[in-house]
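Below you'll find the structure, written out as structure tokens, and then a few comments.
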2 protein chains.
Amino acid sequence: MPPSQPSPSLYTRISNDLRKRINAGEFSGAPLPSEASLAATYKTSRITVRKGLSELIQEGLIYADRPRGYFVRRRSPMIYRPQHGFGKQPPSPALDRFLAEMTELGREASQTIEVSVVPAPPIVRQRLELEEGELTAVRRRIRLLDGQPYLTNDSYYPYGLVKGSDEIMSPADIPRGANAVLAELGHQQGLTVHEYEWRMPNPAEKARLDITPGTPVTEEILTGYTAAEVPVRCVINCLPGDRIKMVLEIEHTRT
Amino acid sequence: MPPSQPSPSLYTRISNDLRKRINAGEFSGAPLPSEASLAATYKTSRITVRKGLSELIQEGLIYADRPRGYFVRRRSPMIYRPQHGFGKQPPSPALDRFLAEMTELGREASQTIEVSVVPAPPIVRQRLELEEGELTAVRRRIRLLDGQPYLTNDSYYPYGLVKGSDEIMSPADIPRGANAVLAELGHQQGLTVHEYEWRMPNPAEKARLDITPGTPVTEEILTGYTAAEVPVRCVINCLPGDRIKMVLEIEHTRT
DNA sequence: GAGTGGTCTAGACCACGTA
DNA sequence: ACGTGGTCTAGACCACTCG
């Protein structure tokens with residue numbers, strides 16, 4: 001029990017009241033009261049009402065659809081399984097390919113792919129254990145569902161390892177997966193290290209993924225090692241929180 | 001190349017300018033220019049300046065420390081390894097205990113623990129495959145480092161399974177780990193399913209973890225199954241993005 | 001006391017979609 | 001044409017910390 005708040009501000013009361021009504025399911029489908037009408041009910045100015053509403057926007061609870069009004073956000077995230085593939089169902093032992101699983105669900109999957117050769121950015125360079133200025137081949141992808149982007153996927157490979165591969169270097173889907181190609185080139189991966197950070201998107205990410213206010217992203221960095229512990233692949237994914245849930249299955253190792 | 005923006009608003013220009021200067025490292029340690037001085041330089045009102053600054057707050061880039069001014073946020077997240085334990089170093093094969101690893105780093109680790117018996121909340125009930133109203137034992141923990149909370153950890157067990165265990169039911173640390181106790185009771189876990197969602201914290205989480213504006217959280221749900229595929233443990237963790245990075249190591253399963 | 005950010009007022013004009 | 005939210009102005013008073 002906190003010792004009696006120091007009189008919350010008016011906009012806090014407004015956002016608290018609205019949050020309670022939203023969580024009670026009051027505005028499903030219908031817009032929230034307009035700014036003007038809230039200003040009237042709370043006998044305050046529009047600016048104060050807007051401050052209260054903006055709290056709820058930043059929490060990811062509502063959005064403004066001008067000039068229709070404010071609406072409650074609803075989300076139906078897809079399941080992302082970094083061990084396996086994608087799907088919409090709870091965990092199962094299946095491991096299917098991305099496009100197959102998506103169309104199965106009646107949604108139209110598509111992607112854009114760009115391939116280029118660039119000096120390894122610092123984050124990648126460190127993980128691929130390259131020298132400053134060493135080149136990498138990058139496959140940059142945006143994956144979409146029904147036209148909406150839901151994930152960016154940038155895969156980096158040491159250029160020396162893959163420059164002979166038409167598959168890796170061409171901006172087209174690789175049905176059997178890039179990892180199969182790498183294995184064929186003699187770089188079969190064993191262990192993959194997964195790193196995760198979650199934060200608010202920067203303007204570039206906001207634009208690339210068309211991200212709504214109040215939506216954080218997770219940045220996933222995968223580093224793939226061969227059995228000889230040589231890093232051969234570094235993937236940077238950006239996953240918006242309103243469109244993706246992640247699921248893993250892990251064998252218990254500690255007592 | 002987007003087709004020439006439709007004249008960005010003034011506050012957008014302010015936040016863009018400041019973001020550029022911040023990323024160039026201009027304000028490390030020193031405060032940003034005050035609202036009043038920004039209003040003067042941009043020949044605008046304080047309110048517009050505040051709108052620009054609030055953009056940067058929501059992105060998690062800066063914070064206001066009244067009445068000293070606005071400062072750039074810096075973060076040094078700790079490494080969370082859900083397979084193993086905690087640490088501050090990049091991935092390694094070590095698997096140590098929480099308190100041991102933390103004190104090793106010269107930071108003071110502590111925690112608060114509350115134990116109670118409650119009807120399983122819906123999320124837990126579904127994962128533990130319980131009927132409505134069935135009881136669970138909950139161990140609710142807040143873990144702190146140097147007095148700052150960095151993780152909440154709520155572990156639920158079917159009450160029938162653990163009611164005989166003094167260790168599980170007492171609000172004290174279990175040095176050998178609760179999983180060892182469960183194993184001793186005949187409920188050794190094999191597979192654990194990990195679920196992850198990231199979003200902005202709700203007010204309760206904000207208060208419990210003392211979360212700063214612009215900081216998202218990841219909600220981690222772990223469900224532990226015995227070899228006979230009986231769920232015996234459901235853990236809900238709340239991980240603030242400014243204090244935690246997560247690292248996993250996964251054996252490659254797909255080609 | 002001076003300067004900081006936090007809250008709030010009472011207006012104004014605009015762009016946009018819907019009716 | 002109307003109502004919506006988006007931007008912006010020019011003030012005001014307050015609580016707090018620091019010198």
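What you see is a predicted model, and the numbers here were worked out from it, not measured in a lab. The figures here come from the full heavy-atom set of this structure, side chains too, leaving out hydrogens, waters and symmetry mates. Every chain is numbered from 1, with letters handed out A, B, ... down the list of sequences.
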Nearest to side-chain heavy atoms of A/T48, which nucleotide of D/dT4, D/dC8, C/dT9 = C/dT9
Length of the CZ-P vector between A/R13 and C/dG6, whole Å = 20 Å
Whole-Å distance between D/dG6 P and A/D65 CG?
-> 10 Å
Run the salt-bridge test on A/R199 and A/E205 with the 4.0 Å N-O cut-off and return the result as yes or no.
-> yes
Sequence-aligned protein contact record of nucleotides 11-19 of chain D, with B where the base is within under 4.0 Å of a protein heavy atom and S where only the sugar-phosphate is | -B--BBSS-
Below 4.0 angstrom from OP1 or OP2 of D/dT7, is there any side-chain N or O of B/Y11?
-> yes
Between A/L144 and A/P149, the two heavy atoms sitting closest are CD2-N, 3.7 Å
Can you tell which of C/dG6, C/dT9, C/dT4 lies closest to the side chain of A/T44?
-> C/dT9
Report, as yes or no, whether the 6.0 Å neighbourhood of atom CD on A/E114 holds more than 12 heavy atoms from other residues, nucleotides or ligands.
-> no
Any side-chain N or O of B/S45 less than 4.0 Å from the OP1 or OP2 oxygen of D/dC8?
-> no
B/L38 CG to C/dT4 C1': how many Å, rounded?
-> 13 Å
Sequence neighbours excluded, the answer for salt bridge (charged side-chain N to carboxylate O under 4.0 Å, His left out) partners of B/R13 is none
Criterion side-chain contact (heavy atoms from CB on, under 4.5 Å) against B/Y70, the qualifying member of B/L38, B/L56, B/D65, B/L32 | B/L32
Report the distance from atom CG of A/L53 to atom P of D/dT7, rounded to the nearest whole Å.
-> 14 Å
Flag the pair A/K206 and B/E59 as a salt bridge only when some basic side-chain nitrogen lies within less than 4.0 angstrom of an acidic carboxylate oxygen.
-> yes
Protein-nucleotide distance (A/I57, atom CD1; D/dG6, atom C1'), rounded to Å | 11 Å
Rounded interatomic separation in angstrom, taking NZ from A/K51 and P from C/dT9 = 14 Å
Integer-rounded Å distance: C/dG3 P and B/Y70 OH | 18 Å
Within this structure, what is the OH-to-C1' distance between A/Y63 and D/dG5, rounded to whole angstrom?
-> 14 Å
No-hydrogen, no-angle side-chain donor-acceptor test under 3.5 Å, A/T12 and A/S9 | yes
Closer than 4.0 Å, any side-chain N/O of B/R50 to the OP1 or OP2 of C/dG6?
-> yes
